[in-house]
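Written below as structure tokens is the structure these notes are about.
Residue numbers start from 1 in every chain, and the chains themselves are labelled A, B, ... in the order their sequence lines are given, proteins ahead of strands. Note that the structure is predicted; figures quoted are calculated from it, not measured.
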2 protein chains.
Amino acid sequence: MLVNSNRDRIAERREATRREILDVAWQLARERGLSQLTLRDIAHRVGMRAPSLYSHFESKNAIYDAMFAGAWTECLAVMTAAAGSPADSPRAAMRQLARAFFDFSASDLSRYQLMNQRTIFGFEPSAESYAPAVATLEVLHAALAAQNVTRQADIDLCVAVISGLIDAQLANDPGGDRWSHLLERAIDMLADNLGIPARGTRSTRRSP
Amino acid sequence: MLVNSNRDRIAERREATRREILDVAWQLARERGLSQLTLRDIAHRVGMRAPSLYSHFESKNAIYDAMFAGAWTECLAVMTAAAGSPADSPRAAMRQLARAFFDFSASDLSRYQLMNQRTIFGFEPSAESYAPAVATLEVLHAALAAQNVTRQADIDLCVAVISGLIDAQLANDPGGDRWSHLLERAIDMLADNLGIPARGTRSTRRSP
DNA sequence: GTCTATACACCGATAGAC
DNA sequence: GTCTATCGGTGTATAGAC
């Protein structure tokens, strides 16, 4: 038992160090750009020498991979919460979900680039790190399926329109709201195209 | 006169070298990623040593800048041609323009990243290099104005939807057509939202 | 003018002492 | 687990040959 709790304490400390490294990495990515991240900078801010990072991550790519997983896990939580909160109409449910994703994405360029764009050439997330991204997409699928939107093309169109607004916002007016305030209009446009009623049935299926 | 033609020949040769350097740079950007571009690689493939590039470009950033200018100049030509060719309806004119931009953009990820995304952190194009980008946007403005679409929000929405499709295509199905074939549908959706008639008046204004 | 040679400070990564 | 030392790369810059 004592041995076990000692082990736990060591594992806990290791995990804390890992988290601190990742926190610092995000901080630096926001300051200097995702691709300008250097192991020396990370290590220095954590209070180590660069090679010591290799005791916690096997490579720089592994750090990117852990950052990718963390970002999508966070996004999954945001989206799950948005999908779970009540909405007055099918469109309101869509707006809620889209707004949650937009605000989460637009608040951090570096994070969005790592999650969705190919900014780090050659970076491919591992299967484990990709899992929360898939889970997030499944939240979206379920929300659209509740409005009887199930065709892949319809889903793809929604994804493209929303991420188009995010991209435009981040690339052309970072920190502003020039494209952000177009989101609700875009959702209505999509809802029109997909035949989702403006009001009427609640967003949950088969409820009495 | 002889002096002049000699000067011209030298300038011509210099310009040819510049073009060759830029061609090689694009080639390597496509192979290895935009941010993985190195002066040594460029120089080696051109048949020089790295420092010799400084006789033609004052820095690596100047190479990016020239690439940016070239890409937008090419895009401007494509868009001008698309805007000039006749169309049967206002929507057909919009489809033509959008299709031209989509195909141009989706055919080269690195080029699209340099033109439209913030992949190279800290890179800001010079005013001269930005000019063809502005001119391209003006082609779009003029085309939309011909359909009485002049509000900034309307234009922003069009830009976001089209570039959203391009981003999704490049990020999730590079080389494929999963989002490409949604373009015409997206344009119709936009046209509906903007009140552009499906058929009727030609795309030119005030023609008898 | 254009090139080669060389140098500098930095990068990711590894080896091995402690 | 963290360190120092070091490796082959990188962008950048200068000196000097031709």
Side-chain angles (χ1 to χ4, degrees), chain A residues 6-22 24-25 28-29 31-68 110 114 119-124 126, chain B residues 3-22 24-29 31-68 110 114 119-124:
Chain A
N6 205 14
R7 251 191 225 155
D8 287 355
R9 227 178 297 144
I10 289 170
E12 216 171 274
R13 181 109 174 78
R14 262 191 79 76
E15 188 50 38
T17 306
R18 254 183 81 98
R19 261 200 308 275
E20 194 190 349
I21 290 168
L22 293 176
V24 164
L28 287 166
E31 289 174 22
R32 311 220 234 281
L34 199 57
S35 64
Q36 260 70 4
L37 213 57
T38 75
L39 296 182
R40 280 169 174 82
D41 285 345
I42 297 172
H44 181 260
R45 195 169 288 192
V46 173
M48 296 179 172
R49 305 296 178 194
S52 302
L53 292 175
Y54 285 86
S55 336
H56 301 277
F57 295 93
E58 71 172 353
S59 69
K60 189 185 182 185
N61 219 267
I63 296 181
Y64 280 134
D65 197 58
M67 292 168 77
F68 181 92
S110 292
L114 183 59
T119 302
I120 307 299
F121 194 83
F123 169 70
E124 292 286 337
S126 64
Chain B
V3 172
N4 239 345
S5 79
N6 207 13
R7 252 190 223 155
D8 289 354
R9 227 177 297 144
I10 289 170
E12 214 171 275
R13 181 112 174 74
R14 263 190 78 76
E15 188 50 38
T17 306
R18 253 182 83 97
R19 262 200 306 275
E20 193 189 351
I21 290 168
L22 292 176
V24 164
W26 278 120
Q27 200 177 313
L28 287 166
E31 289 174 22
R32 309 219 234 282
L34 198 57
S35 63
Q36 260 71 4
L37 215 57
T38 76
L39 297 182
R40 280 171 173 81
D41 284 345
I42 298 172
H44 180 260
R45 196 169 289 189
V46 173
M48 301 178 173
R49 305 296 176 198
S52 301
L53 292 175
Y54 285 86
S55 316
H56 302 278
F57 294 94
E58 71 172 352
S59 70
K60 188 184 180 184
N61 219 269
I63 296 181
Y64 280 133
D65 197 58
M67 292 167 78
F68 182 92
S110 292
L114 182 60
T119 301
I120 307 299
F121 194 81
F123 169 69
E124 292 286 338

Rounded distance (Å) that lies between atom C1' of dG12(C) and atom OH of Y64(A): 11 Å

E58(A) CD to dG1(D) P, straight-line distance once rounded to whole Å: 15 Å

Student check: side-chain heavy atoms of E31(B) and D41(B) closer than 4.5 Å: no

Phosphate contact (dC11(C) OP1 or OP2) by T38(A) side-chain N/O below 4.0 Å: yes

E15(B) atom CD: more than 12 heavy-atom contacts under 6.0 Å: yes

Gap between atoms CZ and C1', on F57(B) and dT2(C) respectively (whole Å): 15 Å

Nearest-angstrom distance from the residue atom CD1 of I42(B) to C1' of dT12(D): 14 Å

Separation of W26(B) CH2 from M67(B) CE (nearest 0.5 Å): 4.0 Å

Please list each protein N or O that sits under 3.5 Å from an N or O in nucleotides 4-9 of chain D, with the distance.
residue, atom, partner, partner atom, Å
dT4(D), OP2, R49(A), NE, 3.3

Among dA13(D), dT2(D), dA13(C), the one nearest Y54(B) by side-chain distance: dA13(D)

Length of the NE2-P vector between H44(B) and dA5(C), whole Å: 14 Å

Sugar-phosphate, base or nothing in reach of L37(A), heavy atoms under 4.0 Å: sugar-phosphate

Degree of bending in the helix from dG1(C)-dC18(D) to dC18(C)-dG1(D) once both end axes are built from five pairs, to 10°: 10°

Separation of dT10(D) C1' from L53(B) CG (nearest whole Å): 14 Å

Atom pair distance, as rounded to whole Å: CE in M48(B) and C1' in dG1(C): 12 Å

Nearest-Å distance for atom pair CG/C1', residues L39(B) and dA7(C): 16 Å

M48(B) vs E20(B) side-chain heavy atoms within contact, under 4.5 Å: no

Rounded distance (nearest 0.5 Å) linking atom CZ of F57(B) with atom CG of L39(B): 10.5 Å

Gap separating the CG atom of L114(B) from the CD1 atom of I120(B), nearest 0.5 angstrom: 7.0 Å

Sugar-phosphate, base or nothing in reach of R14(B), heavy atoms under 4.0 Å: sugar-phosphate

Nearest to side-chain heavy atoms of H56(B), which nucleotide of dG11(D), dC3(C), dT2(D): dC3(C)

Gap separating the CZ atom of R40(A) from the CG atom of L53(A), nearest 0.5 angstrom: 10.5 Å

Gap between atom CG of N6(A) and atom CD1 of I10(A) - 0.5 Å precision: 5.0 Å

Rounded distance [0.5 Å steps], CD in E124(A) versus CG in D65(A): 10.5 Å

